[in-house]
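Worksheet for the structure shown next.
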Amino acid sequence: MTGRALLMIPGPIEFEPEVLQALGAPTTSHVAPKFIEAFGVVLEQMRQIWLCPSGQPFVVAGSGTLAMDVAGANLIEPGDRALVISTGVFGDRYGDLLLRYGARVDMLQAPLGAAVSTVEIERKLAEGGYKVLTCTHVDTSTGVRMDAKAIGTLGRQYGVLTVLDGVCSVAGEEVRQEEWGIDVVLTASQKAIGVPPGLALLVASPQAIAAWRSRKQPVSNYYADWCNWLPIMEAYEARRPSYFGTPAVNLVCALRVSLGQILDEGLQTRFQRHRLLGSACREAIRALGMSQVPEEAVASSTLSAPRYPDGVSGSDLLPQVRAAGAILAGGLHPEIKDTYFRIGHMGANTPGDLLATIGALEAGLAATGHGFELGAGVAAAQRVLHA
Ligand code: PMP
């Protein structure tokens, strides 16, 4: 096939053929028995993948930002205090979003490439008065991963509802929602979940649902309101027809296939595969003489964020890498946008995909005149993958 290239950006990603096949099947009614069954199965699969047996899953048509909005709209009432942990663009976005719902927001922002320390978060929580704590598990603008287990534990310790933006982590990075005590874990279909863009997904703990039920004021966002969606989720899971807003029928059918594949692989195996891909990619980047945005100790498994070598720009490099067979993403964080690029490695990606991508990166670097030993990146990745 001419012009074929691997889509190695941090979402959307390469999807499995079976998932795409399900997406392309004839659309059924949203109350057809087969679709009701598919939706019901999806909700059951989500509890298993989120590792949250007593959680309430929600599947709503929209992107990851809608999932953030659903959690914010339902948990925040005007005047509530929220602590927002930010390690990049998406943490900052959560702060802006909660302000729209009248929250009084305190931000804890990490220096670029670093995580916010647990000690600092605990110091803030100890001041008291917070209702909600939000944290981006992996911020896709920096590749920094926060300690999600510590977030959940601190939330329970201080009686604060925790929301984990897992858009760039769920089904790639390890998340144990119930064991770690996280109240909402949200994501979107197009990343490690492995389904084309269009679904906002979240699981809410019984504590989050109770907090929503005890609101004094109605949810100010009509579409996001759990009053509208909870009866729908309950109906589909009980295999009863119901309707509030037309579900994204084909995407939900594709989701069933992808979640089935995730469960077949096994969560431990999947987390370990992502860890291996992440560390192989970072070793390759180092071997090619490039530095990276996240500090190694907090670097995510789902994407890497290399800095361009001196004298090389994105417009020099990325089209060359594309021509050699891999599509990579430019920088996103406004302060350093033009100095780095991003490689996604999650979901269906195999070691072979990663090696092909590093090979394409080497071809691109060679075309820009950057000095390095051809093959050094691939060899470094191989040493990790086959250790
Ligand atoms: N949070 C994180 C961590 C993300 O990476 C993204 C998307 N890149 C979002 C939220 C927003 O998701 P969407 O673009 O699907 O609205």
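Start at 1 and go down the list; that is how both ligands and their atoms are numbered. In what follows, residues are counted from 1 in the order of the sequence shown. The figures that follow rest on heavy atoms only: side chains count, while hydrogens, waters and symmetry mates do not.
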Checklist entry - Near Glu373 CD, under 6.0 Å, is it more than 12 heavy atoms from other residues, nucleotides or ligands? => result no
Shortest protein contact, [atom] (heavy atom only):
atom	answer
atom 8 (N) of ligand 1	Lys191 NZ, 2.8 Å
atom 1 (N) of ligand 1	Asp165 OD2, 2.6 Å
atom 6 (C) of ligand 1	Phe90 CE2, 3.4 Å
atom 5 (O) of ligand 1	Thr140 OG1, 2.3 Å

Item to check | Single hit among Arg104, Lys131, Lys216, Arg215 for salt bridge (charged side-chain N to carboxylate O under 4.0 Å, His left out) with Asp80 | outcome: Lys131
Hey, does the side chain of [X] reach the backbone of [Y] with a donor-acceptor pair shorter than 3.5 angstrom?
X	Y	result
Asp165	Leu186	no
Asp139	Gly91	yes
Glu173	His137	no

With a cut-off of 4.0 Å, which atoms of ligand 1 are near a heavy atom of [X]?
X	result
Thr136	3 (C)
Met68	10 (C)
Thr65	11 (C), 12 (O), 13 (P), 16 (O)
Ser63	13 (P), 15 (O), 16 (O)

What do you reckon, does [X] have a nitrogen or oxygen under 3.5 Å from a nitrogen or oxygen of ligand 1?
X	result
Gln190	yes
Gly64	yes
Arg93	no

Next on the checklist: Counting the benzene-type ring for Trp, do Tyr94 and Phe90 have ring centres under 6.0 Å apart?
Outcome noted: no
Checklist outcome for this item: Between the OG atom in Ser300 and the CZ atom in Arg282, the distance rounded to the nearest 0.5 Å is 7.0 Å
Checklist entry - Should the proximity of His137 to ligand 1, defined as any heavy atom under 4.0 Å, be assigned to the side chain, the backbone, both, or neither? => result neither
Checklist entry - With under 30° as parallel and over 60° as perpendicular, where do the rings of Tyr236 and Phe39 fit, or are they tilted in between? => result parallel
Checklist entry - Does Lys149 pair with Glu174 as a salt bridge, N-O distance under 4.0 Å? => result no
Item to check | Winner among Val138, Thr302, Leu186, Asp139 once heavy atoms are compared against atom 3 (C) of ligand 1 | outcome: Val138
